[in-house]
Amino acid sequence: MRIGVFVCHCGSNIAGTVDCAKVAEIAKNFPDVVYADDPMYTCAEPGQAAIEAAIHEHKLDGVVVASCSPRMHEATFRRTVERAGLNRYMFEMANIREHVSWIGKEQQANTNKSAELVEIAVAKLRNNRPLAAKTFDVTKKTLIVGGGVAGIQAALDCAEGGIPVILVERESTIGGKMAKLDKTFPTVDCSACILGPKMVDVAQHPGITLYACAEIEEVSGYVGNFSVKIRKRATYIDWEKCTGCGACSEKCPSKKTPDVFNEFTGTTTAINIPFPQAIPKKAVINAQYCRQFTKGKCGVCAKVCPAGAIDYAMQDSFVTEEVGCIIAATGYELMDWTIYQEYGGGRYPDVITSLQYERLLSASGPTGGHIVRPSDGREPQTIVFIQCVGSRDNSIGRPYCSGFCCMYTAKQAILTKDHLPQSRSYVFYMDIRTPGKMYDEFSRRAVEEYGVEYIRGRVSAVYPDGLGRYVVMGADTLLGEPVEIRADMVVLAVGIEAAKNAPALAEKLRISYDKYGFFMESHVKLKPVETNTAGVFLAGVCQGAKDIPASVAQGSAAAAKALALFARDKLENDPQTAQVDARRCVGCGKCIRCCPFGAITETEIRNEKKAQVIETVCQGCGLCTSTCPQGAVQLSHATDNQILAEVNALCR
Amino acid sequence: MSAIRFATPDGLPAFLARLSENSRILAPAVKPAGKRSVIFEDWHEGMPVILEKATVPPKDAVLPQCETLFTYKKSKNPDNREDVALCLENRAEARPTVIFACRPCDARGFAVLDRPYLKGPFADPYYKAKRANLTVITITCASGCNTCFCHWVGGGPSSPEGSDILMTEIDGGFVLQSMTEAGEKLLESAGLDDGREVFAKAEAARKTAWASLASAPAIKTAPQCIAALFDNEQFWQEHTEACLSCGACTYFCPTCYCFNITDEGDAFDEKGGRRLRSWDNCMSSLFTREASGHNPRTQKALRMRNRIAHKFSTYPENWGAFSCNGCGRCISGCPVCLDIRAVVLNAIAAAASEA
Amino acid sequence: MPVMKDKELRIVGFLCNWCSYGGADTAGVARAEQPTDLRIIRVPCSGRVDPLFIVKALLSGADGVLVSGCHPRDCHYSSGNFYARRRLEVLKHFLPALGIDNARFEYTWVSASEGQRWQQVVTAFTRRIHTLGAAPGFEDAPLLMKTADMAPAPLRPLGTGKNAPLESLKQAIKEKLPDLACVIGWKQGYDDAHTTPLFAKKPEDVDELVWGPLNAANLAVYLPLFKGKKVGIVVKGCDSRSVVELLQENLVAREDVTIFALPCEGTLDMGRVNEKLGRYNVVGGIAHGATNITITTDGQEHDFSMAEYAQNKCRGCTEPEAVLSDVRMGDSPLVQGEAPVPQELALLDAMNLDERRSFWRTQMERCLRCYACRNACPMCVCRDYCISDSRDPHWMTQEAGVTQKLFFQTIHALHLAGRCTGCGECQRACPVGIPILGLRQHIARTVGELFDNYRAGIDPAAVPPLLGYEVEERNIREREWK
Amino acid sequence: MKNATDMSQRHDSGFTVEVGAQSGQKLSACYQCGNCTAGCPASFVYDRQVNQIMRGVQLGMKDEVLDSRAIWLCLSCSTCSLRCPNNIDVAAVMETLRHMARKENRVAVGNVEKFWFSFLNTVRAFGRSWEIGTMALYMMRSLRLFTDLDLAPEALKKQKLGFKPHVVAQGGASSVTRIFKRYKERAEREGVRP
Amino acid sequence: MNYAYYPGCSAKGSSADYEKSTQAVCAVLGMNLVEIPGWNCCGSTPAHAVDTELSAALCSRNLDIAAQQGVEKLLTPCPSCLSNLRHTAKRMENPQFRARVDELLDNPAAPDFPGVTSVMQGMAAHCDANGIASFIRKDLGQLTLAPYYGCLMSRPADIMDFGDPENPTLMECLLAACGAKVLDFPLKTACCGASYGIPERTMTARLSARILRLATDMKADAIVAACPLCQMNLDLRQPQAAKEADAIFAMPVLYFTQIMGLAFGLSPDTLGLEKLRVSASALLDKLEPAPSISKTPVEGGQSCE
């Protein structure tokens with residue numbers, strides 16, 4: 001081979017602690033190295049041009065760049081060598097910045113280490129082979145997990161862009177958390193009025209297939225060709241027949257079923273449609289409370305259903321969809337605030353969550369929009385809002401800010417004043433975080449126009465005073481004093497957490513999640529919608545706390561990513577895939593067993609069973625290579641011989 | 001006129017010590033284990049003198065398990081990195097070596113090796129150097145053994161072929177008789193007592209040994225018979241079914257001399273590249289696998305045919321003697337007790353019936 | 001602490017591209033100072049790190065090897081690190097069997113965001129390696145010859161199987177023979193005192209079948225050669241485990257193999273039998289007692305009691321009867337007690353790391369690299385394509401040094417992890433009697449300890465431990481970096 | 001009128017580090033939510049609230065902190081530590097400050113310390129505490145002769161208080177005395193206030 | 001069954017009734033409390049407020065005695081003693097700290113100390129709720145009780161290991177097992193003012209008043225305490241609290257052992273009820289003989305642990 005080595009100064013980033021010229025000089029003695037140089041900025045336009053020129057001038061057939069991390073510029077330099085006519089895989093990088101110059105100050109040790117890293121790279125490069133990508137067909141269809149506002153937006157945008165959409169929703173209706181809200185900040189317009197039409201669009205759009213009461217069971221495949229098995233939970237209603245007339249829930253005798261949609265602020269019937277605007281507007285039986293299931297007899301709904309849609313024998317069913325990309329929009333849940341024993345741990349009926357309060361405010365809620373105390377149905381006069389319950393609290397492992405609580409608390413305090421003009425509202429806060437258009441103005445209105453008392457400090461404890469009210473023990477740190485309020489009702493701005501089975505879904509999608517269960521984007525700033533798994537995108541709070549406008553924006557962004565992906569008819573694979581040497585293969589199938597992607601199948605060559613890699617499915621992990629005892633499967637670009645060359649260069 | 005000397009058992013260590021002043025001594029050493037083995041090892045003072053037949057023959061002395069033929073280094077011209085100089089360093093090394101207490105069959109092995117390595121159109125310089133520096137002291141066998149068959153193939157318990165000195169145990173000691181000039185020279189300076197008086201006892205012992213052997217079947221026709229069976233795959237398959245293809249038989253055969261050549265290391269490395277010659281094994285599929293992947297002998301039966309034919313047919317055709325010398329190690333050491341004698345006899349019988 | 005005070009040592013790191021390499025980058029971006037000894041090799045996934053790379057590095061002069069991947073559950077390839085965790089943990093346990101301090105090898109999980117953790121890991125590991133100092137080699141270890149002690153009492157009475165219903169078995173084989181290409185068994189070898197495999201194709205061949213303590217060879221080794229053909233095989237209990245393992249690994253189809261089984265009363269250690277028989281011309285006869293056999297050579301009688309001359313493995317045997325069979329005859333023997341530590345393993349256990357290096361150097365010097373151990377192993381299914389003699393991949397050289405030889409034994413042992421049934425054919429086949437079975441026993445014990453007492457070759461439907469994983473491993477704990 | 005605090009002058013970072021080291025707490029984790037103050041049962045008698053003390057420590061305002069009454073009136077009930085969202089053991093910080101103040105002989109609420117010593121003196125003498133003895137000593141020390149006089153009749157009537165101290169048997173009392181003696185000697189040797 | 005026992009100084013003085021009732025109730029339960037010989041004061045709050053090492057030396061001496069006796073588990077009724085002993089055991093795990101403490105002691109302390117636990121937890125471990133119910137001789141069904149642990153019993157959580165530090169429920173479990181109605185008393189772990197009754201009377205009075213006020217408003221028949229100091233503040237100092245709060249309290253404050261004793265049919269005298277400042281006679285009037293010796297299992301748990 002004829003190898004050229006370029007040892008980058010990176011200004012003073014590398015040259016500050018590494019003698020780059022000396023590294024280049026040492027590199028000249030490495031086998032097959034015919035050219036070495038130490039440019040100032042290799043990645044800059046002149047640096048790249050110099051590589052191209054050297055390839056031509058010195059007839060190089062392999063290039064090593066010693067500079068920053070390959071995670072930074074490998075793609076850049078691969079394009080560079082390709083421009084000069086080399087295969088992009090005839091290139092290796094030595095990371096002498098992040099792994100050398102930035103982590104140590106001793107020049108001699110750093111120079112020596114850099115030279116060795118170049119030596120490893122040369123050793124590997126001498127074993128490299130040109131690789132070529134394969135093209136494959138794309139299934140132009142998007143699957144969206146979660147029908148909250150982010151998922152709805154993504155679905156509508158994709159469908160409008162001409163891409164068929166499969167929308168999978170865990171609950172019996174789409175709408176997510178937003179459907180439970182009364183009004184939305186900062187405009188205080190009705191949540192149902194702005195979300196409702198979008199939900200109807202989803203139902204009516206011919207390009208959107210909606211599976212409600214459904215969850216992702218299995219995901220296989222890869223970008224362009226995912227195969228997703230969906231579990232449709234038994235609803236005990238044949239939705240093909242159900243007209244959503246509601247006759248069943250009118251007659252249902254099990255009226256003490258907890259009302260999930262209303263956040264348990266009231267009860268409902270065992271068979272019900274969660275709310276009038278539900279999409280799909282279909283009934284579901286809660287088998288835990290339905291007498292037909294608990295007692296074995298009842299059957300009232302089956303008798304009254306005019307469509308004959310009731311099917312007590314229904315089982316979960318499965319459907320498999322082939323799609324080209326997946327958008328995860330699984331949203332959030334409120335954390336279990338009852339771990340706060342100092343707020344009663346859920347034992348005090350008038351200490352409620354903000355989302356429950358939202359249902360009390362809502363005209364379609366259990367109280368018809370009247371604010372009353374759950375304990376005795378009386379109108380509260382003094383209401384205390386406590387912010388950051390379960391947010392920014394290291395002691396329970398939730399150091400993050402939930403993002404939108406400051407705004408909705410201001411909104412709820414304003415609405416409270418609208419509903420109960422005589423009432424007094426207090427908001428305990430640590431910081432007011434309102435970085436949005438018209439946001440801070442909105443929260444100021446709560447103080448200036450609605451007379452909400454903002455008290456800067458946390459609440460240490462809430463307890464009943466024995467006389468029907470609650471003692472709220474707080475501090476006003478601006479005043480420098482502890483304060484106490486006798487309240488009729490306490491509303492907790494409970495922090496958010498990722499949806500309960502988000503980690504399980506992440507594992508199925510092969511994407512990462514942070515330690516709180518929020519999905520990891522590819523790059524915090526520059527790739528906030530992509531994940532590390534090609535073809536899987538994120539939208540909404542599943543990626544991190546955000547409010548409705550941001551969720552909608554990210555839904556659209558995810559849809560744009562899907563549309564961009566499908567703008568091409570064929571995709572190219574990464575040629576760093578496993579290859580089977582059929583002669584070496586004994587057909588034991590160990591690689592097939594281990595492959596996380598099902599990318600290896602069994603084939604027959606001259607009556608002998610052999611393994612075969614489906615190159616477009618292979619993701620290049622190399623597990624098969626380390627599994628195969630006879631070394632018959634080799635991962636291109638990380639073959640045994642390539643890694644052995646590196647080991648040998650280091651250890652002798 | 002050969003030199004004849006006598007040594008008492010107690011005198012042997014001193015004898016060896018004296019030899020070791022100028023030479024490397026390879027003598028049998030016992031390796032205790034669940035399965036005990038006897039290996040030729042560098043002998044030095046203080047080690048016991050073992051006279052048992054070794055598990056592995058002393059072939060290694062002239063044909064090492066792996067030897068570095070030469071090393072090669074590349075260096076770049078500092079002024080022009082494309083100008084690369086190659087430097088070879090020959091590693092043919094030959095220290096004066098004495099093999100002590102091998103058996104006549106082992107010694108005959110050297111005679112078998114000598115033909116292709118020295119007597120063909122090209123002499124192998126590495127082998128030649130080692131062989132020229134080798135002196136072989138052979139202890140004659142006192143009896144036959146269940147797996148030995150040296151007398152079938154032209155040898156015997158006191159066959160002198162390949163030996164420089166024959167050593168025979170008699171009451172109270174050993175008679176050492178030089179068979180070559182080198183042997184004579186060695187014995188003359190060995191500081192041993194004269195043995196001419198007791199030489200008759202040695203001759204008697206050798207005769208007794210001969211007499212103890214069961215009579216050998218006639219296998220003179222083996223070369224033709226085996227050649228005749230070349231295309232009889234069924235014959236070879238039947239006789240190879242139990243074979244594991246391990247080739248252990250070839251590794252402790254005193255006459256197997258096939259080798260493989262590989263290059264290791266990097267020419268630019270400090271240690272340089274090494275050209276290695278190592279034992280190869282015709283019972284392995286790898287032996288005949290071509291670079292293209294094609295293999296003319298994929299079946300172990302064909303490989304077995306090759307091994308048997310080489311020993312009893314093709315080698316005799318080329319060199320006029322069997323290349324098997326009947327040491328029987330391939331029988332006693334085979335993990336599944338394959339018997340080369342049976343194959344040869346069956347081949348003669350099968351050829352007869354075919355004819 | 002930029003550089004350790006003493007001279008740099010050779011530390012090799014294998015880092016997965018997605019998490020740990022990124023974590024090391026993050027540490028660099030944060031200018032987190034680290035010792036300079038480590039050299040990082042980037043691999044796609046920790047699952048790509050064949051444990052053999054680590055052994056190769058350690059045998060070739062590395063003083064420490066560090067593997068780092070994504071945290072469990074966070075693997076970019078979803079499960080690569082789960083497999084890695086099992087394999088690397090097995091290696092971690094295995095290294096001391098060779099005499100290598102396993103503190104020289106560590107694996108851990110560092111995510112791309114954990115720059116600080118990476119700094120901590122590198123610093124702690126480098127400090128650890130400096131505390132251990134440069135790794136000692138094998139080639140210059142002082143010689144140390146040791147042999148295993150006598151085996152303990154067997155778990156069942158050993159015998160010669162003289163009362164086994166051999167004739168009924170022959171009859172049963174003859175009945176099935178028309179449907180089979182052949183039935184593999186044993187017949188008399190070159191003399192009465194040795195047996196050799198029998199490949200019975202005709203009814204009269206079946207009459208040659210013998211049963212008894214001379215049937216040491218494990219015939220399961222031949223089964224893969226008949227792949228696709230219907231064959232019968234006569235098995236001892238231990239052999240049946242090899243058959244089960246072959247079935248489990250798809251190397252033999254269940255419908256293609258008919259298993260004939262008799263209860264085994266033990267087999268002789270032919271190495272010691274031959275040693276006692278010494279040099280002889282002819283076998284005059286062999287007589288089977290209930291618990292001993294008498295071999296007459298050149299007119300002299302030699303008595304071999306099974307209690308004394310049985311193979312070591314027979315004493316600890318808990319499966320004298322086939323674990324899987326189609327035709328089974330004879331009475332079930334009673335096995336009492338727990339299997340003791342096998343002798344070869346006990347021998348290793350009794351040595352410290354320095355002694356083990358010396359031991360292996362001493363033993364390995366006489367290895368001929370004939371690979372009879374490999375070819376006799378029923379689980380060595382690579383056969384003609386063993387990586388020990390290939391150039392691509394090029395794991396080994398032809399050099400005759402101790403490290404090359406020991407590296408081959410490591411390849412064999414690691415490839416057998418979770419698959420070795422302890423049949424001992426490797427050691428039995430070794431023409432120069434190297435006690436290599438100890439390495440396989442060591443790894444089998446580790447597999448049992450880590451994976452719920454898993455034993456290879458018991459259940460054809462089991463998932464071999466190293467081809468599976470648990471998200472939460474019960475017996476593998478991540479070690480802390482403190 | 002008070003001038004603005006000159007932060008650059010005020011900041012005694014050594015003090016901050018010392019408090020952190022002695023208490024074992026990460027003081028920079030405090031983000032001034034005020035939960036400690038909100039939960040503190042004694043806050044109403046404090047001159048500076050707990051969160052202000054924490055702030056003072058963060059800023060290195062040694063004099064303000066060590067001269068505060070609050071650190072003497074802290075009840076050691078640990079409510080602050082329990083409620084702190086940042087896992088700071090605030091009670092440990094308060095105790096550390098008390099120790100530091102004592103060692104520098106800055107005792108803002110003398111009576112508290114006098115009471116402690118009265119209590120400990122009876123322990124030193126008898127190995128166990130003796131309530132009447134404690135009270136007597138305290139009244140003498142604090143010159144508050146009427147302390148709890150209102151309770152005396154009831155307490156005496158109910159025989160709540162023993163007129164005789166409980167002395168530890170088996171030489172235990174002298175063993176305890178020796179503990180105090182060694183403690184005092186060591187403190188003097190190390191130059192701190194015992 | 002014998003249990004090693006550390007009574008604490010107040011048992012020998014101001015809380016003799018706690019001691020008396022503890023001994024009596026434990027005797028009924030089959031727990032024989034054996035004082036470790038030659039124990040000394042743990043130093044209480046003053047010792048650790050003055051110096052941690054001094055406090056640890058005083059506690060270590062006691063733990064050492066117990067260790068020398070071969071004790072595995074040491075019981076103490078007093079939360080303050082418990083807290084000091086447990087803190088010391090934890091701190092002594094630090095070798096440097098231990099060395100400093102050893103300097104103060106006659107002999108270096110034993111390397112391993114026995115575990116220390118409260119009498120209340122000891123009872124729960126000894127006897128499950130059904131077991132306790134089997135000793136009931138009086139029906140407490142008419143009593144509404146406010147359980148009060150004080151601040152030390154459950155805090156800090158990692159040292160004290162007493163359930164949820166905000167909401168311990170062990171006492172509720174015991175009292176319910178005895179048949180009483182138990183309030184969910186929100187101030188159960190609030191501070192009563194501790195020993196500041198002497199140097200800072202108003203503080204303690206106000207804190208105690210808060211607790212008494214809530215118990216009164218919640219219509220408790222009595223507050224049930226587990227700490228000698230708390231009981232003294234709430235009972236003996238009740239007039240001071242009332243004065244401070246400008247209220248009138250008549251809230252009996254009993255030890256939980258006294259309540260248990262009443263349920264077990266022990267005489268007021270045996271339980272030292274005469275030592276209460278606020279008379280418990282109203283309580284005694286509400287007791288009725290148990291309808292039958294209750295053998296019915298108590299709902300909701302076999303064990304209070």
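Just so you know, these numbers come straight off a predicted model, no measurement behind them. Letters A, B, ... are given to chains in the order of the sequence lines, protein chains preceding strands, and every chain is numbered from 1.
Here the closest heavy-atom approach between residue D:Q25 and residue D:A92 is recorded as NE2-CB, 4.5 Å.
D:E113 places a side-chain heavy atom less than 4.5 Å from the side chain of D:W72.
Proximity to chain E is absent for every atom of D:I132, based on heavy atoms less than 4.5 angstrom apart. For chain D, no part of E:T189 is nearby; none of its heavy atoms comes within less than 4.5 Å.
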Between D:K62 and D:E18, is the salt bridge (charged side-chain N to carboxylate O under 4.0 Å, His left out) condition met? List the steps. CA-CA 11 Å; D:K62 182 172 177 179; D:E18 185 60 28; over 6 Å; no

Set out, in order, the CA-CA distance, both residues' side-chain angles and the distance that settles side chain to side chain donor-acceptor pair (under 3.5 Å) for D:R55 and D:Q58, then state yes or no. CA-CA 5 Å; D:R55 185 72 187 137; D:Q58 282 180 332; 3.0 Å; yes

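Taking the six-membered ring where the residue is Trp, D:W130 and D:F126 present perpendicular rings, their angle passing 60° and hence far from 30°.
Here D:R83 is the residue among D:R83, D:K103, D:M94 with the most heavy-atom pairs under 4.5 Å with chain E. Ranked by non-hydrogen atom pairs under 4.5 Å with chain E, the options D:K114, D:R178, D:R98 are led by D:R178. The greatest number of non-hydrogen atom pairs below 4.5 Å with chain E, out of D:S76, D:S175, D:S118, D:A187, is found for D:S175. Chain E forms more heavy-atom pairs under 4.5 Å with one residue of D:D89, D:L120, D:T134 than with any other, namely D:L120. The most heavy-atom pairs under 4.5 Å with chain D, out of E:L236, E:T202, E:L104, come from E:L104. Contact count against chain E (heavy-atom pairs under 4.5 Å) is highest for D:G127 among D:G127, D:A173, D:G110. If you tally non-hydrogen atom pairs under 4.5 Å between each of E:E200, E:R210, E:R206, E:M232 and chain D, the highest count goes to E:R206.
Taking the centre and axis of the six-membered ring of E:F113, the NZ or CZ atom of E:R98 falls inside the cone set by 45° and 6.0 Å. Geometric assessment of D:R128 against the ring of E:W39 yields a positive cation-pi assignment under the 6.0 Å and 45° thresholds.
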